[in-house]
Amino acid sequence: QHCFAKPEDGYLYCEGIRVHEIMESVERRPFYLYSKPQITRNVEAYRDALEGLTSIIGYAIKANNNLKILEHLRQLGCGAVLVSGNELKLALRAGFDPTRCIFNGNGKILEDLVLAAQEGVFVNIDSEFDLENIVAAARIAGKRVNVLLRINPDVDPQVHPYVATGNKSSKFGIRNEKLQWFLDAVKENPNELKLVGAHCHLGSTITKVDIFRDAATIMINYIDQIRDQGFEVDYLNIGGGLGIDYYHSGAILPKPRDLIDTVRDLVLSRGLNLIIEPGRSLIANTCCLVNRVTGVKTNGSKNFIVVDGSMAELIRPSLYDAYQHIELVSPPPSDADIATYDVVGPVCESADFLGKARELPTPAKGSGLVVHDAGAYCMSMASTYNLKMRPPEYWVEDDGSVSKIRHGETFEDHIRFFEGL
Ligand code: LLP
């Protein structure tokens, strides 16, 4: 069961409510529309898959940092994966248990590490200087920090180069030839560092679970080596990265259960606790960006649908050439023909597109058009370019009512940055 569906009547529904009606009832467009029940179902898919293992589902906050969504994920039992001090503060605000949070990053700064040390979050060591900073933070906080070594397993995730992280030329993690240096450094700082496990993150939008199995096999080998030196490590963190069906092609893609099943025997064979760090696969398919069609135009042989949303609200197509499925929210006029359209926004850039070469019925002016799978890395990567201001967010609740879960930013918000200067 998926939250968005278009039955015979040609209207798009979210949990049984016409998106068109929601679009007409809210104060402004574009806006993000989520399904709260779909978020629940996505977490349950992971929870069911993880049965029989001791585990932490560390939701990667970077994918979507809406406070209401975070509170919901925390209530469902998730921990959180953080990449900045502000993400840590937000996780605390949302009520996450800091001992189920993991602080990642190749450039963590001292003051954020001090907060992490004070709160007792797991910290992944990324480099020599990062280790030094973690030691310094532990001393300032007067706390021993639970650390994992972020090891670069050098596995090709077969994804866009911008979202590959676990291959050998990546800026993230440490390489195997340096492992001994890090183990010695941990031993030299017993009051500051407690090595509890190993971490890797291969990349994002991964659609083959064999890749996770290969990486987990390599990581288990590292854990054996680390244990051989007397460390009692008992966490394996395999990161996030599971992809979703952006194409809506009906292709059978691996589900959370396939991911967990492919590493289960390895984890059990060493008596490990498993940490996973999903972002996209928990939140992407729970949301659409809802736009209104401003107009349709043709330049030579090119047809354009111009909508009010843009690369400012949703940059993934412009940045990664990413495909996100697009459809109209209501049936087109009966005489509408079907043509090949680029769906573009009003921003003054040719990179401003939401979709290219899409076969779509010619929409009526003022009608609604959605970009699907917009729950991950869309709002969290939105900007205010061209003073578009970040859009409001809504969700459909469990009882079918629609609530606002974030205010849209306004012109006044922009002016506030200059007050008193
Ligand atoms: N853990 C670490 C260490 C990460 O770097 C990431 C994502 C995740 C977990 C979550 O990965 P996920 O399950 O969401 O794939 N902006 C890009 C994606 C960047 C991903 C960065 N790291 C996009 O829009 O596709």
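Both ligands and their constituent atoms are indexed starting at 1 by order of listing. Numbering starts at 1 and runs along the sequence shown. Hydrogens, waters and symmetry mates play no part in the numbers below; they use all other heavy atoms, side chains included. In this text the structure is predicted, and so the values were computed from the model without any measurement.
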> Around ligand 1, what residues show up once you keep those with a heavy atom under 4.0 Å from it?
Replying inline: Ala60, Lys62, Asn104, Arg150, Val163, His201, Ser204, Gly240, Gly241, Glu277, Pro278, Gly279, Arg280, Arg316, Tyr320, Tyr377, Met381

>> I want to know whether His372 and Phe4 have ring centres closer than 6.0 Å.
In response: yes

>> List the residues meeting ring-ring contact (aromatic ring centres under 6.0 Å, His included) with His414, not counting sequence neighbours, and say none if there are none.
In response: Phe418

>> If the test is salt bridge (charged side-chain N to carboxylate O under 4.0 Å, His left out), which one of Lys187, Lys143, Arg139 qualifies with Glu192?
In response: Arg139

> How would you list, by chain and number, every residue that makes a ring-ring contact (aromatic ring centres under 6.0 Å, His included) with Phe31, sequence neighbours excluded?
Replying inline: Tyr394

> Hey, does the side chain of Thr262 reach the backbone of Leu259 with a donor-acceptor pair shorter than 3.5 angstrom?
Replying inline: no

>> Can you list everything that forms a ring-ring contact (aromatic ring centres under 6.0 Å, His included) with Tyr235? Sequence neighbours excluded, please.
In response: Phe122

